[in-house]
Protein chains: 4
Amino acid sequence: MKLWQKHFETDKMIEKFTIGTDRETDIFLAPYDILASLAHAHMITSIGLLSQEELKAIRKELLLMYQQIKNGTFSIEPPLEDIHSKIEFVLTQKLGETGKKIHSGRSRNDQVLTALKLYIRAEIRQITHLVHQLFEVLLERAQSFQDVLMPGYTHLQVAMPSSFGLWFSAYAESLTDDLLVMQAAYRVANQNPLGSAAGYGTSFPLNRQMTTELLGFETMNYNVINAQFTRGKTEKILGFALNSIASTLSRLAMDICLYSGANYNFWKLPDELTTGSSIMPHKKNPDVFELIRGKCNQITAFSNEVSLIMNNLPSGYHREMQIIKQPLINAITQLKDCLEMTLYAIPRLEINRRAIESDCYRYMFSVELVHEFVKKGLSFRDAYQKVSQLIENQEYEEIKTIHHTHEGSIGNLCLEKIREKIDRIITDFQFHIAISAEEKLTLEN
Amino acid sequence: MKLWQKHFETDKMIEKFTIGTDRETDIFLAPYDILASLAHAHMITSIGLLSQEELKAIRKELLLMYQQIKNGTFSIEPPLEDIHSKIEFVLTQKLGETGKKIHSGRSRNDQVLTALKLYIRAEIRQITHLVHQLFEVLLERAQSFQDVLMPGYTHLQVAMPSSFGLWFSAYAESLTDDLLVMQAAYRVANQNPLGSAAGYGTSFPLNRQMTTELLGFETMNYNVINAQFTRGKTEKILGFALNSIASTLSRLAMDICLYSGANYNFWKLPDELTTGSSIMPHKKNPDVFELIRGKCNQITAFSNEVSLIMNNLPSGYHREMQIIKQPLINAITQLKDCLEMTLYAIPRLEINRRAIESDCYRYMFSVELVHEFVKKGLSFRDAYQKVSQLIENQEYEEIKTIHHTHEGSIGNLCLEKIREKIDRIITDFQFHIAISAEEKLTLEN
Amino acid sequence: MKLWQKHFETDKMIEKFTIGTDRETDIFLAPYDILASLAHAHMITSIGLLSQEELKAIRKELLLMYQQIKNGTFSIEPPLEDIHSKIEFVLTQKLGETGKKIHSGRSRNDQVLTALKLYIRAEIRQITHLVHQLFEVLLERAQSFQDVLMPGYTHLQVAMPSSFGLWFSAYAESLTDDLLVMQAAYRVANQNPLGSAAGYGTSFPLNRQMTTELLGFETMNYNVINAQFTRGKTEKILGFALNSIASTLSRLAMDICLYSGANYNFWKLPDELTTGSSIMPHKKNPDVFELIRGKCNQITAFSNEVSLIMNNLPSGYHREMQIIKQPLINAITQLKDCLEMTLYAIPRLEINRRAIESDCYRYMFSVELVHEFVKKGLSFRDAYQKVSQLIENQEYEEIKTIHHTHEGSIGNLCLEKIREKIDRIITDFQFHIAISAEEKLTLEN
Amino acid sequence: MKLWQKHFETDKMIEKFTIGTDRETDIFLAPYDILASLAHAHMITSIGLLSQEELKAIRKELLLMYQQIKNGTFSIEPPLEDIHSKIEFVLTQKLGETGKKIHSGRSRNDQVLTALKLYIRAEIRQITHLVHQLFEVLLERAQSFQDVLMPGYTHLQVAMPSSFGLWFSAYAESLTDDLLVMQAAYRVANQNPLGSAAGYGTSFPLNRQMTTELLGFETMNYNVINAQFTRGKTEKILGFALNSIASTLSRLAMDICLYSGANYNFWKLPDELTTGSSIMPHKKNPDVFELIRGKCNQITAFSNEVSLIMNNLPSGYHREMQIIKQPLINAITQLKDCLEMTLYAIPRLEINRRAIESDCYRYMFSVELVHEFVKKGLSFRDAYQKVSQLIENQEYEEIKTIHHTHEGSIGNLCLEKIREKIDRIITDFQFHIAISAEEKLTLEN
């Protein structure tokens, strides 16, 4: 049964082609479509399109479905094609004419868009929470290993002394930048499109400010054409933020894979995070981190995919915007999986405290010697030449100590300063506004 | 004879390969490398690596170069390979040993990175300013044409009545979302990496807080490894913001091209914005907007290009990060050109106030009739069926009036509300902090 | 409590993370893993690692599974993690020690790779067949409408007279170029990697020429490291070919959507290929073609996704190469769906034979007039100026006839020449070699 | 002076915006526009639009410019905007009315397209030649080091014994697959679009078969709309081939960078291919190979850039197709530079014949032991268990010999078989046809 059902019978093949994976993806959107429907019902009651009794009846049924969704007992069965027709079907079946009225003053377009934005808002909250947890785990590890030296590389070549503390906290601070991008995505998503109808508004005297407040949105997409512009765009901007976090995770995973190799031996992975080889008895492969690396790289493809779909489309809704839902949900789910796996794995990395002792690292402290000469009055260039000469003449004597004191260096990790950064960003999200609005809307009374 | 054995010696070939376009790109970075060098000079004076006299001498030479850059009389000639060697060369030539000392406590890596971030910061300011101007132009046009109806399309099919006021202000509001992404890019860029050396810090007792303040950065990249992480990452995140703005412009351009066609005739482009055909005497082609569309789409490729270069590189500096400079500068320059051209063109669009009168738009007001029936008590579904029936039976009588009153609809564009959005975002950038720091640093005294 | 400490134990979580969708994707690979196993079994029999009796027993079980796969009664149940462990499990369960021996002389890596290449080879055959069918449908339509004029556009502006015959056959010929790319993909895929083990070969005296012939490969990936290089690379190159075809389909779909609009009215889509609007009773939306356009654009993202995963990985197998399977299978399946839908839809397009009569096309024949003047002796430039003048002075008199005779023009479509192109390409694939090898290998005797 | 110049003066800014880099890029296209003009001139003479005397005069001037281009004395000065207006300007200046006639029967669109295809055809020839040379260098090195073992890695972990011979020839064979994609690109490009005019043909009785033969094209783009489809498409398909080769080079470069590190020490780079560090006296950075890696990764972005520009554009020429020229020429030039640099560097890699002796590689031969047990009658699984046990109990005794004999393994590199592959592909290109046609066309007589 389809809303637009006219006089013909749709061929099965076409139905399969057009519905695609909507029944599966829409389960993710289901609770948010209920929330938006609740707000819409309240608002159209306020402008006289629903009576208080009708509102009450509709609320009851919507909240019932909301419970089923939370309990996992909700599903979208054929011939219903998506979450929106399912809700309408249930309401009409239960409430007759009253059930049909929920559609007054909204279109399928703004309905889907609102559910999508509420879904994205909630997922950003979850992802940000996971990132925050990972940040704390990394900082804790940085603290624990702040005194343990580790070789530092540039150009894939041995460069200068680093430390495990420095390495762990580098990734922690990197995540704070990623959250700045996520915050932009949140603010873009956290605007109410409900009431924009199919992109050209409606002659009903809607009160869009009311639904904006009921749903806890920061503001609304005022212009109704612009509300439709946010379709595809919101997903792409979220894709940017997912890309940012994913890139950080992927690089972390690359480091872990590379430096777990026998040639470096910086750390060992516990058995449950490695896999054996089918033909090499001695092998332990870092499959979990290879998969984190690859899955995160895959996430960096998502926003480009959106551009390839959206570029050159003129204004106005286009049907294929719907197919962005599937890769969006995949990217979100995959990133959460990778964050959880990293959270699990990081505390289990077995650090080799003697990694730096290998003979490979003979000249790694040479720059320290340069600095010693500079402190004694040579210009940097001359000190550099002198040490180069010593190395070439094999007169270089190894130093193995290091005295870095400036902000962010091995001897002064500034972990608290870095924590202040993330704390401020998390506060700025103001997640509580959305949470309490959603709670209030679904409060049974 | 091998193909690569040409007229020049091997080292020339290798030099050409490694230097690439650095001499050209670095002109863009030049003023920012001076700024960073000034701050660094002050700071190392404060920790005793330079005397006040040396500082004074170095400042003088740096400010002289700064003036030359502003005047366009500065260049980087072979054999100097980039802006950094040029500055060092001039200082050493003029000041001898003193000139060499500027390199104490910093590495080429953090030097380039700092210049790059200052450059990006300044460009973001310029782009944001252009976007703001375009916003105002669009809003002014929306105001002027708020009462002129225009057909609205969905699925590329005639859908519902829209208006020129709605169309212009939609793009204005869309730009506010783009600026949210730009703000994230600004905050990511606006952090001081100076003092991170090659990514592992230094044994000099640098005062990084001091350079942070001197350069007007919001905060610093504390962790020195993380400071290096921002290479490639800052560019990519800026790429996200450029992508966002470019996508909005590209879609605007697509609308303008499409709807200037004879089949729509919504507007005419002035002659200077069109080009004739070499074989068709009647043709006026919207070349300028086609190029805006294409160049903006090209900009959406930039962040993916960065990912293709950076993905799977482990931590630590890698040489190819340098080659990101060229496409970065191109994308920035190209976007500014497109913004300027759009700014020029939008006020010159000649609107056809009678576009809506074509016979194509016969049924476009049918949803208004549905709403009339709903207001008279029918459920939306029944009203919809009734109007469908009228259309099918050819009993549908055309309405041509429209009464939309809700926020963001044709009758209530909320232009002031939309302006409030952008005003708040512009304020939040706090551009004045960077501006005044840079002015103070280059003040001759 | 951490988010990732849910209802299941850690190893379940890790298992879920590492297995991913392998159980579903591997159903696609299943028949090909059987084929490769059959060839491997024959070959290791020939070098004495299996007896004839063991071979016979193994063949019997493999062919039984092959039948189950064809019948749709085959599945991969937990705890088995993929098709390869499933096959090994069944063989061992049925045949004990004998079953285990199938693994001699091969690794999981070359086993997967071989199945993947056989799968790709078969899919290329199917896709090429669908493209060929679509080619024929387009050519048939071109023939039927070769005399019906249609406006031709450049720069989205009315340009010159075209014809439906020209339009249909343009897409047909375009597909021939796409098949050239597909042929390259076929030749890259059609090389035997079996025997390369984990990328470094094996000390067993394998006869790789024998498996190459048994499986009907054109040649083998000789170098065992290179055989591993083809992982990811084969998928990407296939992605190029999918991209090519998808781009052609997507553009076709864009044309159909755009020109079905009321402003053009070149054709109507039958009801079953359109969808109604939930709020606009008069709307018929070309959803099917919008989805073809979007899904095909999505396919153009696949090869970039592979690059984002693979770039910068050094030589040797990496675990995440496995995750390319899922988007590969999606892209293939999606393209086949789009091809089938286009095949269904093209013959159902209802052409408007009077499309060209609209007043919009007044000047469209002006270039014909220019040519008339040229034929009378004016230079092109002067004739062009003269016609421009006539148009400007409103003295231009409309021509509505057209006499194009050269190859590929409206009056001379060269359909047979275009058909010769595709026939030659199809022949060059030499699909029969692979087909007959596979048939022979699975022949029960 | 512009062909389409009408009655107004184009604003400088607009001119700069629309012309872009055409004057620079078109120098690359210049010789090919001459070739196409020569062929066109001959053909229109054959249909009576030029007299033999006019043809002779035009030929003379075109050949003169051709010589200037070859000598590097040709340039495109403002106000001429591109190569096409330059040629027309010169001919008109020298020959008056006769010079103008060259434009009869062609449009700017098919003129550009033909030049572009001839340019691409020539560049493919050069790139293929460079790839062939690199292939030979790699094979020569493989031969020289066929007996020197090298550790083999999978999952970035020590895996099994490999050899330098195997490693070098792996990249050689990999290039043969890349050339298959290049061959598809060649066949797509090697089709004549001349005569398609602006995409809708012309009423002149052109003889397109004649220009096809004169220019040595394999066939023609018959359908004139399809000829325009090849704009953007030809570049993208070439982009696929560039991507393929670039990916192979990039991976080679990654191997070289990684394994030149102190932890591996497989080879040393000569001094001229490394760069020192500005702060670390002991460092030698593999800048050249890092840049090859990065530049090649950048090339993998090109085809996606084309898709982002072209996706969703309906049929017919669009102005932005012109801006693809610049990144196309960059990608081609950059790949040639990278190929030449690799050609230079590979023979200079100083191989460490004792790389395998490090203690890291203790268990690397364990799979050989497994195979020994299998050959003695154990099943693979049991042998594997047994060796695992030995390793765990520290009873494993190191083997250091290896006896691989099958095709493509360490002991049997099949270099001649691999050479046969490339020889066949090079032959199939049939480059001589284009070369001799071009020579014939430019032969002064």
Side-chain angles (χ1 to χ4, degrees), chain A residues 97 100-101 103-104 152-155 160 162 166 169-170 173-174 177 180-181 184 187-188 195 198-201 203 205-206 208 222-226 229 237 240 251 254-255 258 297 300 304 307 311-312 314-317 319 368 371 374 379-381 403-409 414 417-418, chain B residues 97 100-101 103-104 152-155 160 162 166 169-170 173-174 177 180-181 184 187-188 195 198-201 203 205-206 208 222-226 229 237 240 254-255 258 297 300 304 307 311-312 314-319 368 371 374 379-381 403-409 414 417-418:
Chain A
E97 280 304 302
K100 289 186 189 172
K101 290 191 181 169
H103 206 58
S104 299
Y153 287 76
T154 63
H155 304 259
M160 292 166 69
S162 175
L166 201 59
S169 52
E173 189 175 6
S174 193
D177 282 343
L180 287 172
V181 188
R187 293 192 63 197
V188 168
Y200 301 102
S203 58
L206 306 177
R208 297 184 62 207
Y222 285 99
N223 184 294
V224 289
I225 293 179
N226 175 53
F229 281 166
I237 292 174
F240 295 155
R251 177 170 277 197
M254 182 42 146
D255 276 1
L258 181 64
N297 286 337
T300 67
N304 184 62
S307 290
N311 276 11
N312 288 323
S315 60
Y317 177 75
R319 178 64 169 82
E368 302 300 313
H371 291 170
V374 172
S379 82
F380 184 86
R381 286 290 152 232
H403 303 288
H404 291 186
T405 60
H406 64 74
E407 296 99 325
S409 66
C414 294
K417 290 286 187 185
I418 296 171
Chain B
E97 279 305 301
K100 288 187 188 170
K101 289 191 181 169
H103 206 58
S104 300
Y153 287 75
T154 63
H155 302 260
M160 291 166 69
S162 176
L166 200 60
S169 54
E173 189 175 5
S174 193
D177 282 344
L180 287 172
V181 187
R187 295 191 63 196
V188 168
Y200 301 103
S203 58
L206 307 177
R208 298 185 62 208
Y222 285 98
N223 184 296
V224 290
I225 292 180
N226 176 53
F229 282 167
I237 291 174
F240 295 156
M254 181 43 146
D255 276 1
L258 181 64
N297 287 337
T300 67
N304 184 62
S307 290
N311 275 11
N312 287 323
S315 59
Y317 177 76
H318 303 277
R319 179 65 169 80
E368 302 300 312
H371 291 170
V374 172
S379 82
F380 184 86
R381 284 294 149 228
H403 303 288
H404 290 186
T405 61
H406 64 74
E407 296 99 324
S409 66
C414 295
K417 290 287 187 185
I418 296 171

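Bear in mind the structure is a predicted one, so any value in this text is a computation, not a measurement. Residue numbering restarts at 1 for every chain, and letters A, B, ... go by the order of the sequence lines.
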- Mind telling me whether B:Phe240 and A:Phe240 have parallel, tilted or perpendicular rings, with 30° and 60° as the class edges? parallel

- Message: For chain A, which candidate among B:Gly201, B:Pro314, B:Ala170, B:Cys414 shows the most heavy-atom pairs at distances under 4.5 Å?
- Response: B:Ala170

- In terms of heavy-atom pairs under 4.5 Å with chain B, which of A:Asp177, A:Thr154, A:Asn223 leads? A:Asn223

- With respect to chain A, which residue among B:Leu258, B:Thr405, B:Thr300 yields the maximal number of heavy-atom pairs within a distance under 4.5 Å? B:Thr300

- Message: My understanding is that only residues two or more places apart in sequence, or in another chain, count here; which of them pass ring pair (Phe, Tyr, Trp, His ring centres under 6.0 Å) with A:His404?
- Response: none

- Task: For B:Glu173 and A:Asn226, indicate whether the former's side chain and the latter's backbone hold a donor-acceptor pair under 3.5 Å.
- Result: no

- Item | Proximity breakdown for B:His403 and chain A, heavy-atom pairs closer than 4.5 Å | backbone

- In terms of heavy-atom proximity below 4.5 Å to chain A, should B:Ser307 be classed as side chain, backbone, both, or neither? side chain

- Name the option with the most non-hydrogen atom pairs under 4.5 Å to chain A; the candidates are B:Pro205, B:Ser174, B:Ser104. B:Ser174

- If you tally heavy-atom pairs under 4.5 Å against chain B, which of A:His371, A:Glu368, A:Arg319, A:Lys417 wins? A:His371

- Note on the structure: Interface check, chain B: of A:Arg251, A:Lys100, A:Glu97, A:Lys101, most non-hydrogen pairs under 4.5 Å belong to A:Arg251

- Is chain A contacted by the side chain of B:Asn304, its backbone, both, or neither, given a heavy-atom distance below 4.5 Å? side chain

- Residue selection (most heavy-atom pairs with chain B, distance under 4.5 Å) from A:Asn297, A:Val181, A:Ile418: A:Asn297

- Task: With a 4.5 Å cut-off on heavy-atom pairs, point out which of B:Gly408, B:Gly316, B:Ala198 contacts chain A the most.
- Result: B:Gly408

- Query: Which bit of B:Ile237 comes within less than 4.5 Å of chain A, counting heavy atoms only: side chain, backbone, both or neither?
  - Reply: side chain

- Of the backbone (N, CA, C, O) and the side chain (C-beta and beyond), which part of B:Val188 lies under 4.5 Å from a heavy atom of chain A, both, or neither? both

- Message: Rounded at 0.5 Å granularity, tell me how far CG in A:Leu180 sits from CZ in B:Arg187.
- Response: 5.0 Å

- Set of residues satisfying ring pair (Phe, Tyr, Trp, His ring centres under 6.0 Å) with respect to B:His406, sequence neighbours excluded: none

- Message: Can a donor-acceptor pair be found, under 3.5 Å and without considering hydrogens, that links the side chain of A:Glu407 to the backbone of B:Arg208?
- Response: yes

